[in-house]
Amino acid sequence: MTEQEGTVAMDADVIVVGAGLAGLVAAHELTSRGRRVALVDQENAANLGGQAFWSFGGLFLVDSPEQRRLGVKDSFDLAWNDWQGSAGFDRTEDEDSWAVRWARAYVEWAAGEKRSWLAGHGITFLPTVGWAERGDLRAGGHGNSVPRFHIAWGTGTGVVEPFVRYAKQAVRDGLLTVHHRHRVDHLIVEGGTARGVRGTVLVPDDSPRGVASSRDAAGAFELTAQAVVVTSGGIGADHDIVRRHWPERLGTPPAEMVTGVPAYVDGRNWDPIWPGHGIRILPGPSSMWFDALGRRLPEPYLPGYDTLGTLRHLRTAEGLAEHDHSWFVLTRKIVEKEFALSGSEQNPDITAKDRAGFLRERVLGRGAPGPVDAFLRNGADFVTAPDLEQLVDKMNRLTDEPLLDAAALRRQIEARDLQLANPYAKDAQVQGIRNARRYIGDRLGRVAAPHRILDPAAGPLIGVKLHILTRKTLGGIQTDLDSRALGADGTPVEGLYAAGEVAGFGGGGVHGYNALEGTFLGGCLFSGRAAGRAAARQTA
């Protein structure tokens with residue numbers, strides 16, 4: 001640092017810590033307003049965009065043109081009711097005080113400016129709208145009352161792309177300096193004001209995107225600025241930290257988990273990119289779900305309904321504490337229509353914006369999509385058989401001891417199959433299937449026609465061993481609506497901002513106890529935008 005005219009020269013106007021989606025959005029908001037930005041990230045240049053690059057690209061929108069074309073009637077009031085029922089904010093005078101304000105602001109954005117703002121960045125959507133997290137079967141409880149899961153053309157890769165492009169242009173314009181392989185270890189705070197960061201320079205590493213990189217040190221660094229924006233992400237790839245913070249209400253933490261985020265964020269994947277790479281199944285509502293002992297899960301713990309409630313059930317139900325897996329049992333007819341795999345790499349047609357390929361394979365095609373079919377053929381946790389007894393025998397071979405009884409599974413499956421003789425039923429899952437097919441988006445491309453699981457014409461039978469997968473961090477640094485980080489006393493730390501997953505996607509936990517899906521990328525966009533704009537005002 002040098003002194004000139006009584007001032008200390010800064011390395012940048014603003015330092016952004018983390019080159020994921022939230023960090024790139026914040027950097028764009030700053031550089032587009034003429035601010036000089038230092039973007040600091042522990043990974044190499046191949047990892048710009050972070051975890052968002054690998055995502056399916058689902059975004060939560062309310063009362064969109066896509067919804068209206070499909071006959072979906074949505075509104076801010078309905079979406080806000082759903083969000084509150086899911087979040088369950090119960091500490092509005094303390095930990096949730098800003099989260100609930102962030103939540104309302106986010107739903108207002110999703111029902112208003114969000115879609116046009118995305119379009120301004122060249123982000124468009126598939127014509128279909130998915131119905132994720134259908135809920136706990138209560139009008140005031142958890143879940144989306146209507147389909148709101150809008151998938152971006154290009155998946156998460158396409159959402160990240162314009163902000164990567166902006167960053168590269170800002171580098172050429174001299175407004176952005178990217179410090180790759182720089183790991184921030186400490187904030188520099190002077191007189192209660194954030195003034196910079198210091199940390200470790202890591203040795204060069206040219207590993208491909210997502211692959212675990214070296215943590216060997218090559219030196220130290222220090223950067224100073226008028227403000228610091230922290231967008232350092234979550235904890236999903238560090239299972240020890242996940243277990244340490246496992247909530248008591250969810251029972252005992254699993255001994256084994258798979259990882260739904262890259263190693264640096266730290267299912268078994270038949271073709272993994274990072275260690276323990278798990279792929280999340282986005283199921284339709286028809287697969288039967290059984291616990292490790294072969295007991296059918298009760299409603300609302302059905303595929304695609306209440307993910308967190310299902311996790312709680314699987315970690316607290318009698319006899320399950322020592323078992324970290326559960327099972328889907330389904331037919332070939334179901335897997336062909338209903339299985340989607342989350343992740344940009346599992347959806348090459350959408351990621352490549354191949355509209356003809358999407359139409360050919362997913363709408364007009366016969367059989368399972370290519371990536372799903374690859375898992376059926378190669379996945380360590382997928383088994384197929386022509387009859388139930390052979391299927392159960394294969395399922396039992398995937399566990400240390402045979403826990404499943406074919407006769408017990410048959411009784412439960414036959415009871416469910418008897419419910420299909422009429423267009424109405426007392427079985428909640430069968431009711432849900434018929435309800436889903438009243439929505440044209442589900443009927444055409446997402447939900448198989450109701451049929452008996454044990455119907456040979458729908459086979460062969462398929463068993464899928466399911467593992468608990470780490471994904472998103474729902475808590476984090478508490479922030480006000482300008483993304484200013486708040487200290488222990490609830491007042492802003494001057495010059496310090498936080499956005500993205502490290503801030504619980506806004507306010508320290510915008511989702512409360514439960515998320516509605518399609519809200520994580522959007523949370524990075526919304527909070528990164530707020531942080532960048534506020535930091536730009538501060539450094540004007």
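Each residue takes its place number in the sequence, starting with 1.
- Checked against salt bridge (Lys or Arg N to Asp or Glu O under 4.0 Å), Glu113 has the following partners two or more places apart in sequence or in another chain: Arg529.
- Remark: Ala503 pairs with Thr479, Ala498 by the side-chain contact (heavy atoms from CB on, under 4.5 Å) rule, at least two apart or across chains.
- In this structure Glu133 satisfies the salt bridge (Lys or Arg N to Asp or Glu O under 4.0 Å) test with no other residue, sequence neighbours excluded.
- Annotation: side-chain contact (heavy atoms from CB on, under 4.5 Å) contacts of Thr193 (sequence neighbours excluded): Arg195, Glu494.
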Which donor-acceptor pairs under 3.5 Å do the side chains of residues 120-132 make with protein atoms, sequence neighbours left out?
| residue | atom | partner | partner atom | Å |
| --- | --- | --- | --- | --- |
| His121 | ND1 | Tyr166 | OH | 2.8 |
| Trp131 | NE1 | Asn144 | O | 2.9 |

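- Counting heavy atoms of neighbouring residues, nucleotides and ligands inside a 6.0 Å radius, atom CG of Asp173 exceeds 12 of them.
- Checked against salt bridge (Lys or Arg N to Asp or Glu O under 4.0 Å), Arg355 has no partners two or more places apart in sequence or in another chain.
- For residues 31-52, the set of pairs meeting the ring-ring contact (aromatic ring centres under 6.0 Å, His included) definition, not counting sequence neighbours, is empty.
- In terms of the ring pair (Phe, Tyr, Trp, His ring centres under 6.0 Å) criterion, His180 has no residue partners (sequence neighbours excluded).
- Judged as a salt bridge (Lys or Arg N to Asp or Glu O under 4.0 Å), and not counting sequence neighbours, Arg172 has no contacts.
- Salt bridge Asp240/Arg244: absent, no basic N to carboxylate O contact under 4.0 Å.
- Between Glu43 and Arg215, at least one side-chain nitrogen of the basic residue sits less than 4.0 Å from a carboxylate oxygen of the acidic one, meeting the salt-bridge criterion.
- Every pair passing salt bridge (Lys or Arg N to Asp or Glu O under 4.0 Å) that includes a residue from residues 114-127 is listed here, sequence neighbours excluded: Glu66-Arg115.
- Each ring-ring contact (aromatic ring centres under 6.0 Å, His included) pair with one or both residues in residues 200-221, not counting sequence neighbours, appears once here: His182-Phe221.
- Pairs engaging residues 245-256 under the side-chain hydrogen bond (donor to acceptor under 3.5 Å, both in side chains) rule: Thr252-Arg315 [sequence neighbours left out].
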